[in-house]
Protein chains: 2
Amino acid sequence: MATGKNENGTGISLDRMIQPMLLMLILKKPTHGYELIQSFNAVHEGEIAEPGTIYRNLRRLEREGFVLSGWEASESGPARRKYAITEDGIKALHEAVLKLEKQKQQIEDFLTEYNHLPKKGGHSIEK
Amino acid sequence: MATGKNENGTGISLDRMIQPMLLMLILKKPTHGYELIQSFNAVHEGEIAEPGTIYRNLRRLEREGFVLSGWEASESGPARRKYAITEDGIKALHEAVLKLEKQKQQIEDFLTEYNHLPKKGGHSIEK
DNA sequence: TAACACTAAGTGTAAAGTGCACATAGGTTA
DNA sequence: TAACCTATGTGCACTTTACACTTAGTGTTA
């Protein structure tokens with residue numbers, strides 16, 4: 001994956017977590033893209049989820065059959081595309097959870113090893 | 001990021017973890033690419049780290065000034081490019097650790113929320 | 001000696017995901 | 001009318017990776 005750039009400070013770095021997060025939010029409450037963006041930015045306060053990324057992932061989730069969408073008129077403002085999760089989507093979410101548990105374990109193993117390094121140990125070189 | 005493909009079973013999926021892992025291994029003991037590949041495959045038993053990915057990341061780490069390398073003759077076999085970490089590399093490793101701690105927290109938050117979903121709850125849709 | 005295996009380092013290419021900027025459009029308010 | 005908010009999306013550049021392949025030194029075996 002590439003993360004575009006974003007080695008800086010802006011934007012959430014949700015490496016590989018966008019789709020599971022979207023699926024879970026939609027599972028909890030069927031909704032539309034714009035509201036999902038708000039939800040993201042509410043949870044990860046101060047950081048901004050890229051609308052383009054959200055919308056693109058929603059379209060993809062539908063292509064893959066994990067969500068279904070339909071247009072819904074809004075009393076005030078443009079129509080919204082409202083998403084609901086499918087049975088396949090629930091399964092996909094579960095599989096993503098298993099992967100994330102593994103990933104979490106990998107990170108933990110790494111951090112444990114890092115914390116067990118001898119202080120001022122290691123073999124660094126002048127410059 | 002793209003992950004090439006690898007939604008299947010081969011290869012380790014070390015999303016964004018290759019560079020920190022390489023830096024830590026080199027910090028522990030300056031060494032060359034081929035041995036790093038062996039180390040990877042020893043830790044993640046059964047899974048195979050892509051040599052191409054390892055070598056490319058090592059060249060990148062050097063371009064960025066996080067490691068230094070020098071050719072070293074081998075009694076048997078081709079010469080090896082031996083890597084050592086720099087002070088900048090140690091700093092970069094530390095920053096990567098901070099990021100990974102955040103990422104771990106994100107995953108934990110997600111998993112916690114997932115596990116608190118009402119059983120058979122959620123709003124799924126026919127198909 | 002030719003073939004093969006192992007060590008060692010690397011490249012070419014396609015695919016995938018993301019950030020940033022921008023486009024489009026309906027509706028509300030100054 | 002202009003500005004602004006809601007709402008959805010696209011185009012492009014960039015990054016990273018998997019897979020397949022290349023190059024090359026050395027040792028072993030048929």
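Throughout, a chain's letter reflects where its sequence line sits, starting with A, and its residues are numbered from 1. Quantities reported herein were computed from a predicted structural model and do not represent experimental measurements.
Listed by chain and number, the residues in a salt bridge (Lys or Arg N to Asp or Glu O under 4.0 Å) with B:E35 are B:K29 (sequence neighbours excluded). With sequence neighbours left out, A:E50 forms a side-chain hydrogen bond (donor to acceptor under 3.5 Å, both in side chains) with no residue at all.
Atom CD in B:E72 sits roughly 16 Å away from atom P in C:dT7 (whole-Å rounding). The separation between A:I37 atom CD1 and C:dT18 atom P is 14 Å, rounded to whole Å. Atoms CD1 (B:I18) and C1' (D:dT16) sit 8 Å apart, rounded to a whole Å. Counting to the nearest Å, the P atom of D:dT8 and the NZ atom of A:K82 are 12 Å from each other. Separating the CZ atom of B:R60 from the P atom of C:dG10 is a distance of 15 Å, rounded to the nearest angstrom. If you measure from atom CZ of B:R59 to atom P of C:dG12, you get 14 Å, rounded to the nearest angstrom. Straight-line distance from the CE atom of A:M17 to the P atom of C:dG17: 16 Å, rounded to whole Å. Per the geometry, CG belonging to B:L58 stands 10 Å off C1' belonging to C:dA9, to the nearest Å.
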Enumerate all atom pairs, one protein N or O and one N or O from nucleotides 20-26 of chain D, separated by less than 3.5 Å.
none

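B:E62 contributes no side-chain N or O that, together with a main-chain N or O of B:L58, makes up a donor-acceptor pair within less than 3.5 Å. Put simply, the side chain of A:S74 never gets that close to the backbone of A:A79: no donor and acceptor are under 3.5 Å apart.
For the side chain to side chain contact (heavy atoms under 4.5 Å, CB included) with B:I107, the lone residue among A:Q105, A:E108, A:Q103 that qualifies is A:Q103.
Taking 4.0 Å as the cut-off between side-chain N and carboxylate O, A:R60 and A:E64 count as a salt-bridged pair.
Of the side-chain N and O atoms in A:T53, none sit less than 4.0 angstrom from OP1 or OP2 of C:dT18. Under 4.0 angstrom from either OP1 or OP2 of D:dA7 there lies at least one side-chain N or O belonging to A:R80. For the OP1/OP2 pair of D:dT8 and a distance below 4.0 Å, the side-chain nitrogens and oxygens of A:Y55 include at least one atom meeting the criterion.
In terms of position on DNA chain D, the residue among B:N57 and A:Y34 whose nearest nucleotide sits closer to the 5' end is A:Y34.
Using a 4.5 Å heavy-atom threshold, the side chains of A:R59 and A:S69 count as touching.
Closest to the side chain of A:R81, from the set C:dA8, D:dT8, C:dG19, is D:dT8.
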